[in-house]
Novice: 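I have a structure here, written as structure tokens, and I will follow up with some questions on it.
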Amino acid sequence: MKTVVVGAGPVGALAALYAAVRGHDVEIYELRPDIRDPSTAPLNTKSINLALSERGINSLRKTGLSDLADAVLADTVPMHGRMIHVRKHGEYVREAQQYDAHGRDLLAMDRTQLNRALIDHLHAMPNVKFFFKHKLIGVDFKKKSAWFENRTEKKDLLTQGPEFKLTFDLLIGADGAHSAVRNHLMKVVPMTYQQEYIDKLWCQFGVPTTSDGDFRIPPNYLHIWPADESMFIAIPNTDKTFTSTLFMSKEGFEELEASGKVVEYFSKNFPAVVPDLITEEDLKKQFVNNEHLPLISIKCTPYHYSDAGVIVGDAAHAMVPFYGQGMNAGLEDVRVLFDILDKYPSDRTRALNEYTKERTPDAQTINDLALGNYREMASDVKKPLYLLRKWVEETLYVHLPSLGWATQYSRVTFSNMRYSEVYQASQRQARILNIAVGLGLATVAGSTLLFAGNGGLHRAKMGVLRGICLAAQGAQRVIQG
Ligand code: FAD
């Protein structure tokens with residue numbers, strides 16, 4: 001069985017590993033040079049640090065290579081929650097918001113490090129061949145043939161000349177948001193395709209260590225400076241630096257470029273970033289020198305053609321980064337795909353069909369949730385109503401486990417529940433909560449009258465919660481029954 005994987009990003013590399021441990025003859029074709037080559041590595045890929053969570057970790061573990069997940073996890077910084085940086089009544093304050101009522105963490109890591117760990121494992125496998133600096137230029141899914149351009153100086157026996165053709169049993173397209181495999185797939189399947197560039201660009205900033213080599217701000221958080229129309233975030237790195245990202249509209253970037261008032265903008269909207277994280281000079285320099293990049297959101301379906309080809313990762317569902325799920329979802333694609341392929345060992349057409357059917361609603365759900373989460377990160381995290389709802393949901397989650405209650409965030413981030421089921425569960429909870437809040441409010445009035453006079457604010461709060469719990473249980477019974 002010859003499996004050709006196009007793209008050796010995190011998702012393609014994991015797909016190649018899943019195929020290789022099943023004994024396929026795997027060939028990986030990657031446009032860029034090998035990221036492990038020290039002479040080219042810095043030019044290879046933008047160094048993005050990102051949040052790895054349960055779905056990604058689970059997919060790494062399910063390779064069956066026991067040391068892989070451990071090697072990856074060793075190179076991460078745990079983030080217990082968000083730290084919100086705001087001005088309240090003119091004063092700069094930092095507020096920590098835990099991610100999970102049960103104390104589970106997100107893991108900050110460098111995407112290139114993850115990619116390197118996967119590629120290292122692949123290199124050690126005898127049934128895997130790598131072809132770096134090779135660009136996919138054509139696919140005929142019906143004839144199971146693909147064409148590549150060899151961009152290396154060396155032309156080996158297999159790849160004589162700059163362009164060559166090969167055949168495959170299965171082709172896995174993991175070639176990112178601007179996927180060439182997807183473009184060729186569209187020619188043979190009636191693909192529904194939707195793409196959107198949102199009105200936000202992103203620009204990265206490096207934040208150095210302090211002069212004595214330490215983190216400049218508390219390391220175990222994803223730091224957010226929420227400013228509604230723009231947002232600045234900082235994620236820790238294992239070398240005690242941070243990588244920060246500014247998200248802002250295209251117009252906003254253009255205005256700052258034209259006016260040159262980037263320091264003034266930061267001072268007004270992102271308190272203490274200058275000079276606590278970055279000097280004025282460095283901020284100005286990085287704003288000019290670092291790229292201002294667009295954010296794309298892509299939905300399409302189906303993901304496959306017959307038994308010949310399938311797309312995974314950003315090639316199938318590029319999403320905006322506000323839920324921290326793009327790569328996690330891509331790694332999960334691989335686990336789901338191979339689970340289904342294992343279920344139908346002698347009927348790949350049926351397996352790929354089932355994969356598209358199962359994965360489409362899940363990928364499209366997380367795509368939508370990611371689009372919606374900008375508002376939560378850039379605005380809602382500052383609002384008392386958001387914090388109240390978070391508190392109620394988390395308290396129900398901890399104190400009434402029999403209700404099966406959990407926040408949408410924790411289900412997306414800390415579970416392997418299908419994204420579409422997460423969404424349905426959250427909608428059901430929202431309906432229950434709406435009824436419960438109505439009934440709970442009656443309890444608020446009663447509890448406040450009873451206890452507030454005695455200074456029993458905490459008891460009043462617990463009374464409210466008890467009211468909401470009872471109401472939630474009742475409402476849940478009504479809705480489910
Ligand atoms: P890619 O990483 O894009 O890899 C595709 C590979 O295919 C590349 O190596 C490319 O060179 C190769 N290729 C392309 N065309 C060809 C061709 N014609 N022939 C051969 N090879 C080709 N995700 C998270 O889970 N958590 C986060 O916190 C997070 N934060 C993010 C922050 C930002 C600012 C951004 C932009 C993204 C973030 N993501 C995050 C998303 C994550 O980076 C992507 O979802 C992930 O990198 C997708 O992996 P992939 O392997 O599918 O695609």
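No experiment lies behind these values; they were computed from the predicted model shown. Atoms within each ligand, like the ligands themselves, are counted from 1 in listed order.
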Novice: Are His292 and Phe287, when compared by the centres of their aromatic rings, separated by less than 6.0 Å?
Specialist: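 Ring centroids of His292 and Phe287 are less than 6.0 Å from each other.
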Novice: Exactly which residues line ligand 1, taking a heavy atom under 4.0 Å from it as the test?
Specialist: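 For ligand 1, the residues that come within the 4.0 Å heavy-atom cutoff are Val6, Gly7, Gly9, Pro10, Val11, Tyr29, Glu30, Leu31, Arg32, Leu50, Ala51, Arg111, His134, Lys135, Leu136, Ala174, Asp175, Gly176, Ala180, Trp202, Gly313, Asp314, Pro321, Gly324, Gln325, Gly326, Met327, Asn328.
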Novice: With distance as the sole criterion, is a donor-acceptor pair present between the side chains of Arg375 and Ser379 under 3.5 Å?
Specialist: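 On atom types as modelled, these side chains qualify, holding a pair under 3.5 Å.
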Novice: Please list all pairs passing the salt bridge (Lys or Arg N to Asp or Glu O under 4.0 Å) test where one or both residues lie in residues 184-196, with sequence neighbours left out.
Specialist: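 Sorted pair list comes back empty.
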Novice: Go through the steps to decide whether Tyr409 and Glu376 satisfy the test side-chain hydrogen bond (donor to acceptor under 3.5 Å, both in side chains), and finish with yes or no.
Specialist: CA-CA 11 Å; Tyr409 189 87; Glu376 174 163 333; over 6 Å; no
Novice: Do you know which of Asn237, Thr245, Thr241 makes side-chain hydrogen bond (donor to acceptor under 3.5 Å, both in side chains) with Asn49?
Specialist: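 Only one option passes, and that is Asn237.
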Novice: For Tyr374, is the NZ or CZ atom of Lys200 found under 6.0 angstrom from the centre of its six-membered ring and inside 45 degrees of the ring axis?
Specialist: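 Checked: cation-pi criterion met.
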